[in-house]
Peer 1: 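Here's a structure for you.
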Amino acid sequence: MPLVVTTFDLPAAATELLAEVAALAGPEGWRDALPEADGLLCLLTDPIDAELLDRAPHIRIVANAAVGFNNIDVTACHERGIVVTNTPDVLTEATADLTWALILCTVRRVPQAERSLRAGEFRGWGMWDYLGGDVQAATFGIFGMGRIGRAVARRAAPFGMHVQYTTRSPANVPYEQVEWETLLTTSDVLSLHAPLTPETHHLLDRAALRRMKPGSYLINTARGPLIDEAALVDTLRDGPLAGAGLDVYEREPEITPGLLELSNVVVLPHIGSATLATRNAMAMLATRNAHAVLLGGRPLTPVLSEG
Ligand code: DGY
């Protein structure tokens, strides 16, 4: 019987499905089981590189329980005939919801106000206390009009925002497509929804951050390395940014020194897809991919290339 190694705890339904076609090892000591493994279920926190693959000569599938797959050397997998899969769609709505939670918290400074009340600083309603920015009628820039970008854009409608976007592939959406430079320099709220690739690494470098619209907000629920985090700290201190909402970081779980001391940043611990139903769906989709490949079939959601 084939062996599937998992790096994380699976829901019971996933374990039952896999039991039809494979024995299961892990997550304890999963690395030790690699030499015998036919399939691998893994997470975005597991780097899957050529060295690891060389220790797993029988592997036929690497099933990532995440939509992003920058943790996997896809070329090294494909060179070895290994199928790579991810989990698109199932986390789109949860991630879009969390993005909006972060936008509203960042622009209206909700966590800061809550912290202040808990600290005993609330002295009753104050005309000039706890002021934030406006979301309604603002210009909303979206970088990356894929599944999550679209779901985030849809949620902007009730706020009467002008939605503009920059994207790599053609997107048939009722928003204004603009050049990156326009998105960067004219958006009141700029939200990132692109994968981490060599092209998007440090998309927001020091120079780009300095060109952002004065008083604007930067939101990142995609991947941390899209932003040069040290440069972000400086830009949040000196402008032009009014604030940032981050769910992802350049070197998770490390946070760049200085970031947490700033009062105009809202920080979350990479929870975009963290609903029970969504995480179950991600685990199930990864499992179904492994199940299909081990039975000699096609995976449901293959990763075709690095892009
Ligand atoms: C992903 O799936 O890539 C997210 O970052 C975690 O859900």
Peer 1: Using the rule that two of Ile, Leu, Val, Met, Phe, Trp, Tyr join whenever any of their side-chain heavy atoms come within less than 4.5 Å, decide whether I148 and L104 are in one cluster.
Peer 2: yes
Peer 1: What heavy-atom pair brings V265 and L259 nearest, and what distance separates the two atoms?
Peer 2: CG1-O, 3.3 Å
Peer 1: Are the side chains of E252 and T45 in touch, meaning some heavy atoms are under 4.5 Å apart?
Peer 2: no
Peer 1: According to the salt bridge (charged side-chain N to carboxylate O under 4.0 Å, His left out) rule, which pairs have a member within residues 16-45, sequence neighbours left out?
Peer 2: none
Peer 1: Is there a side-chain contact between S263 and R109 in this structure, where contact means two heavy atoms from C-beta onward sitting under 4.5 Å apart?
Peer 2: yes
Peer 1: Search all heavy atoms of L294 against all heavy atoms of A22 and return the closest pair with its distance.
Peer 2: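 L294 and A22 have their closest heavy atoms at CD1-CB, 4.1 Å.
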Peer 1: Answer whether the closest heavy-atom distance between the side chains of T185 and K213 falls below 4.5 Å.
Peer 2: no
Peer 1: Is there a side-chain contact between L40 and L52, using heavy atoms and a 4.5 Å cut-off?
Peer 2: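 In contact.
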Peer 1: Could you state the interatomic distance from CD1 (I219) to CG (L246), rounded to the nearest 0.5 Å?
Peer 2: 8.0 Å
Peer 1: May I have the step-by-step check of side chain to side chain contact (heavy atoms under 4.5 Å, CB included) for T166 and V178, ending in yes or no?
Peer 2: CA-CA 6 Å; T166 301; V178 295; 4.0 Å; yes
Peer 1: Under the criterion side chain to side chain donor-acceptor pair (under 3.5 Å), which of N289, T85, D89 is the partner of T301?
Peer 2: N289
Peer 1: Only counting residues at least two apart or in another chain, list the ones meeting ring pair (Phe, Tyr, Trp, His ring centres under 6.0 Å) with W100.
Peer 2: F140, F159
Peer 1: Say whether, by atom type as modelled, one donor and one acceptor occur between the side chain of T278 and the main chain of A274 under 3.5 angstrom.
Peer 2: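 Here the side-chain-to-backbone pair does not exist.
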Peer 1: For the CG atom of L192 and the CG atom of L203, what is their distance to the nearest 0.5 Å?
Peer 2: 6.5 Å
Peer 1: Could you tell me whether the side chain of R150 and the main chain of M145 form a donor-acceptor pair under 3.5 Å?
Peer 2: yes
Peer 1: Measure from the side-chain N and O atoms of N71 to the backbone N and O of D46, and report whether any donor-acceptor pair falls under 3.5 Å.
Peer 2: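 Yes: the side chain of N71 pairs with the backbone of D46.
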Peer 1: Considering non-hydrogen atoms only, spot the tightest contact between V90 and A281 and give its length.
Peer 2: CB-CB, 3.8 Å
Peer 1: Looking only at side chains, do S273 and R279 share a donor and an acceptor under 3.5 Å apart?
Peer 2: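 There is such a pair between these side chains.
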Peer 1: Looking at every non-hydrogen atom in both residues, tell me the closest pair between P299 and A292 and how far apart they are.
Peer 2: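 Smallest interatomic distance, heavy atoms only, reads CA-CB, 4.4 Å.
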Peer 1: Below 4.5 Å, heavy atoms only, C-beta onward: do C42 and V62 meet side chain to side chain?
Peer 2: yes
Peer 1: Counting distance only, does the side-chain N/O of D228 pair as donor-acceptor with the main-chain N or O of A230 below 3.5 Å?
Peer 2: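 Yes, because the side chain of D228 sits within donor-acceptor range (under 3.5 Å) of the backbone of A230.
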Peer 1: So, the side chain of T200 versus the backbone of P195: is there a donor-acceptor pair under 3.5 Å, distance only?
Peer 2: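 Answer holds: yes.
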Peer 1: Examine the side chains of T139 and Q164 and answer whether a donor and an acceptor come within less than 3.5 Å of each other.
Peer 2: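 The answer is no; no qualifying pair exists.
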Peer 1: Report yes or no: do L236 and V189 belong to one cluster of Ile/Leu/Val/Met/Phe/Trp/Tyr joined by side chain heavy-atom distances under 4.5 Å?
Peer 2: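 No, no single cluster joins them.
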Peer 1: Okay, side chain of N264, backbone of G243: is any donor-acceptor separation there less than 3.5 Å?
Peer 2: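 Here the side-chain-to-backbone pair does not exist.
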Peer 1: Would L98 end up clustered with I142 when hydrophobic side chains under 4.5 Å apart are linked, directly or stepwise?
Peer 2: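 Hydrophobic grouping puts L98 with I142.
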Peer 1: Which pairs, with at least one residue in residues 167-212 and sequence neighbours excluded, count as a ring-ring contact (aromatic ring centres under 6.0 Å, His included)?
Peer 2: F143-W180
Peer 1: Would you mind listing the cluster partners of W128? Hydrophobic ones only (ILVMFWY), side-chain contacts under 4.5 Å, chaining allowed.
Peer 2: W125, M127, L131
Peer 1: Answer yes or no: is there a side-chain heavy-atom contact under 4.5 Å between L232 and L209?
Peer 2: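 L232 reaches L209 side chain to side chain.
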Peer 1: Rounded to the nearest 0.5 Å, what separation is found between the CZ atom of R147 and the OG1 atom of T95?
Peer 2: 11.5 Å
Peer 1: By side chain to side chain donor-acceptor pair (under 3.5 Å), which residues pair with R123, not counting sequence neighbours?
Peer 2: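 Checked R123 against side chain to side chain donor-acceptor pair (under 3.5 Å); zero matches.
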Peer 1: Can you tell me if T87 uses its side chain to pair, donor with acceptor, with the backbone of A66 under 3.5 Å?
Peer 2: yes
Peer 1: So, using salt bridge (Lys or Arg N to Asp or Glu O under 4.0 Å) as the criterion, who are the partners of D205 when residues are at least two apart?
Peer 2: none
Peer 1: Roughly how far, to the nearest 0.5 Å, is CG of L34 from CD1 of I48?
Peer 2: 8.0 Å
Peer 1: Going from CD1 on I227 to CG on L218, what distance comes out if it is rounded to the nearest 0.5 angstrom?
Peer 2: 4.0 Å
Peer 1: Regarding R154 and E93, does a basic nitrogen lie under 4.0 Å from an acidic carboxylate oxygen?
Peer 2: yes
Peer 1: Checking the side chain of D9 only, and the main-chain atoms of P27 only, is there a donor and an acceptor separated by less than 3.5 Å?
Peer 2: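 Checking the backbone N and O of P27 against the side chain of D9, no donor-acceptor pair under 3.5 Å is found.
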Peer 1: Please report the closest heavy-atom contact between V233 and L262, naming both atoms and the distance.
Peer 2: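 Closest pair (atom of V233, atom of L262, distance): O-CD1, 3.9 Å.
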Peer 1: Got a donor-acceptor contact below 3.5 angstrom from the R210 side chain to the G239 backbone?
Peer 2: yes
Peer 1: Is R55 reaching over with its side chain to a backbone N or O of E51, donor-acceptor style, under 3.5 angstrom?
Peer 2: no
